[in-house]
Amino acid sequence: MNVREVHEFLNEMWESIFTLNEELKAELPKEGFKVEDVEEVFGAYIFLDGEWRLMKYPHPAFEVKPQIEVGATPEAYYFVVAVPKDRISEDFVGQFIELFPRSFIYGAQDFLSDAYNWRRDGKVSPGGILEKIKASDEGLFQFEANFESVEELKEGLLKLIETGKRFEIFDL
């Protein structure tokens with residue numbers, strides 16, 4: 001392991017999230033969202049080698065209220081939006097997986113069981129995903145999208161906000 005590379009990687013990950021946070025604090029209030037400060041998040045999971053694995057170390061993340069978390073892990077830049085089950089439609093699911101091909105959909109309680117996992121499921125119909133959601137006892141689902149850069153994350157977040165408003169998933 002090259003300690004210098006790990007150090008530089010972690011510094012870049014944290015710095016880019018702090019910078020994005022400041023940009024969004026200036027931009028998103030006019031859309032009806034409140035951007036919280038960056039925090040150290042513990043106890044998250046990342047999908048490695050075909051399974052969800054616990055991160056015992058912190059990663060940078062912040063909330064975009066209501067309902068969104070934005071952050072970075074060693075795997076990817078990401079956002080997660082919490083959507084009540086009764087607001088999830090087949091059209092929303094279809095639009096989400098089309099806009100965000102690197103995505104996961106899972107319940108808020110049993111988050112290790114996916115309704116959709118881009119690394120595992122391949123091409124799945126929105127109707128098939130919605131059937132899994134409807135069959136679940138979960139009342140709230142997490143829609144997560146992963147990105148390779150902070151710039152892609154910001155662009156994706158803005159698309160999410162536009163799409164979410166159209167499908168009325170937000171408590172605005």
Side-chain angles (χ1 to χ4, degrees), residues 17 20 24 28 31-36 39 41-56 59-150 152-172:
I17 291 298
L20 177 61
L24 295 176
L28 291 185
E31 297 290 331
F33 293 85
K34 182 178 189 307
V35 179
E36 299 287 329
E39 296 181 347
V41 176
F42 288 88
Y45 285 77
I46 60 174
F47 197 76
L48 296 174
D49 302 323
E51 64 181 301
W52 289 104
R53 295 185 182 223
L54 176 63
M55 294 170 38
K56 296 180 182 177
H59 71 281
F62 59 92
E63 289 185 54
V64 177
K65 291 187 175 185
Q67 299 165 249
I68 305 170
E69 179 180 282
V70 176
T73 69
E75 180 186 23
Y77 291 92
Y78 73 90
F79 69 69
V80 179
V81 59
V83 184
K85 184 179 190 173
D86 62 358
R87 294 187 194 169
I88 301 171
S89 68
E90 184 174 342
D91 288 339
F92 174 71
V93 171
Q95 188 70 43
F96 188 86
I97 62 174
E98 181 180 320
L99 285 172
F100 311 112
R102 295 176 57 188
S103 60
F104 304 96
I105 302 170
Y106 46 86
Q109 298 297 317
D110 184 12
F111 53 86
L112 297 178
S113 298
D114 308 305
Y116 176 74
N117 181 323
W118 74 278
R119 292 186 184 260
R120 182 193 63 225
D121 295 336
K123 187 74 174 160
V124 178
S125 75
I129 297 168
L130 186 62
E131 284 179 25
K132 287 182 180 178
I133 290 170
K134 296 290 185 194
S136 170
D137 291 336
E138 297 274 356
L140 188 67
F141 279 83
Q142 310 282 8
F143 285 70
E144 177 178 338
N146 289 187
F147 303 91
E148 292 188 21
S149 71
V150 73
E152 290 176 6
L153 168 58
K154 183 177 181 181
E155 182 180 315
L157 181 62
L158 297 176
K159 285 181 188 175
L160 169 69
I161 288 171
E162 177 185 322
T163 303
K165 284 183 173 183
R166 192 168 73 244
F167 286 97
E168 300 179 340
I169 66 163
F170 295 118
D171 292 327
L172 294 175

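- Between the side chain of Lys165 and the main chain of Glu31, a donor-acceptor pair closer than 3.5 Å is present.
- Rounding to the nearest 0.5 angstrom, the gap separating the CD atom in Glu168 from the OG atom in Ser89 is 10.5 Å.
- Ser136 places no side-chain N or O within 3.5 Å of a backbone atom of Lys132 that could act as its donor or acceptor partner.
- The aromatic rings of Phe170 and Phe33 lie perpendicular to each other, with more than 60° between the two planes, well past the 30° mark.
- A salt bridge is absent between Arg119 and Asp114: the closest approach of a Lys/Arg side-chain nitrogen to an acidic carboxylate oxygen does not fall below 4.0 angstrom.
- Judged by distance alone, with hydrogens and angles left aside, the side-chain atoms of Lys85 form a donor-acceptor pair with the main-chain N or O of Lys134 at under 3.5 Å.
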Inset, instruction - Could you check Lys34 against Glu63 for salt bridge (Lys or Arg N to Asp or Glu O under 4.0 Å), going step by step and ending with a plain yes or no? - result: CA-CA 8 Å; Lys34 182 178 189 307; Glu63 289 185 54; over 6 Å; no
Inset, instruction - Take Val80 and Phe143 through the test side-chain contact (heavy atoms from CB on, under 4.5 Å) and record every step on the way to the result. - result: CA-CA 5 Å; Val80 179; Phe143 285 70; over 6 Å; no
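- Summarising the geometry, atom CG belonging to Leu160 is positioned 10.0 Å from atom CD belonging to Glu162; distances are rounded to the nearest 0.5 Å.
- Put simply, the side chain of Arg53 never gets that close to the backbone of Ile46: no donor and acceptor are under 3.5 Å apart.
- Taken to the nearest 0.5 Å, the CD1 atom of Ile105 stands 9.5 Å off from the CG atom of Leu130.
- Residues Ile169 and Thr163 are not in side-chain contact: their nearest non-hydrogen atoms beyond the backbone lie 4.5 Å or more apart.
- Residues Pro66 and Asp171 approach most closely at CG-O, 3.5 Å, considering heavy atoms.
- Judged by distance alone, the side chain of Ser103 and the main-chain N or O of Phe100 form a donor-acceptor pair under 3.5 Å.
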Inset, instruction - Apply side-chain contact (heavy atoms from CB on, under 4.5 Å) to the pair Arg102 and Glu148, showing each step before the final yes or no. - result: CA-CA 10 Å; Arg102 295 176 57 188; Glu148 292 188 21; 2.8 Å; yes
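- Under a 3.5 Å cut-off, the side chain of Gln95 and the backbone N or O of Asp91 do not form any donor-acceptor pair.
- Side-chain atoms of Gln67 come within 3.5 Å of backbone N or O of Ala82 as a donor-acceptor pair.
- Side-chain atoms of Tyr106 and Glu144 form a donor-acceptor pair, as typed in the model, at a separation below 3.5 Å.
- Aromatic ring orientation, Phe96 versus Phe79: perpendicular (interplanar angle above 60°, classes split at 30° and 60°).
- For the pair Leu157/Glu152, no side-chain contact is recorded, criterion being any heavy-atom separation below 4.5 Å from C-beta on.
- Between atom CG of residue Leu24 and atom CD1 of residue Ile161 there is a gap of 7.5 Å, rounded to the nearest 0.5 Å.
- More than 12 heavy-atom neighbours from other residues, nucleotides or ligands sit within 6.0 angstrom of CD on Glu36.
- To the nearest 0.5 Å, atom CZ of residue Phe147 and atom CD of residue Glu155 are 8.5 Å apart.
- How far CZ of Phe42 is from NE2 of His59: 10.5 Å, rounded to the nearest 0.5 Å.
- Around the CD atom of Glu75, the shell of radius 6.0 Å holds more than 12 heavy atoms that belong to other residues, nucleotides or ligands.
- Contact of the Asp110 side chain with the Glu138 side chain is registered, since non-hydrogen atoms from C-beta on lie closer than 4.5 Å.
- Each of Tyr45, Tyr116, Tyr78, Trp52 was scored for a ring-ring contact (aromatic ring centres under 6.0 Å, His included) with Phe104, with one residue passing: Trp52.
- Environment of CG in Asp86: crowded, with over 12 heavy atoms of neighbouring residues, nucleotides or ligands closer than 6.0 Å.
- Within a 6.0 Å radius of NZ in Lys56, no more than 12 heavy atoms belonging to other residues, nucleotides or ligands are found.
- Note: Phe47 and Trp118 fail the aromatic proximity criterion, with ring centroids not under 6.0 Å apart.
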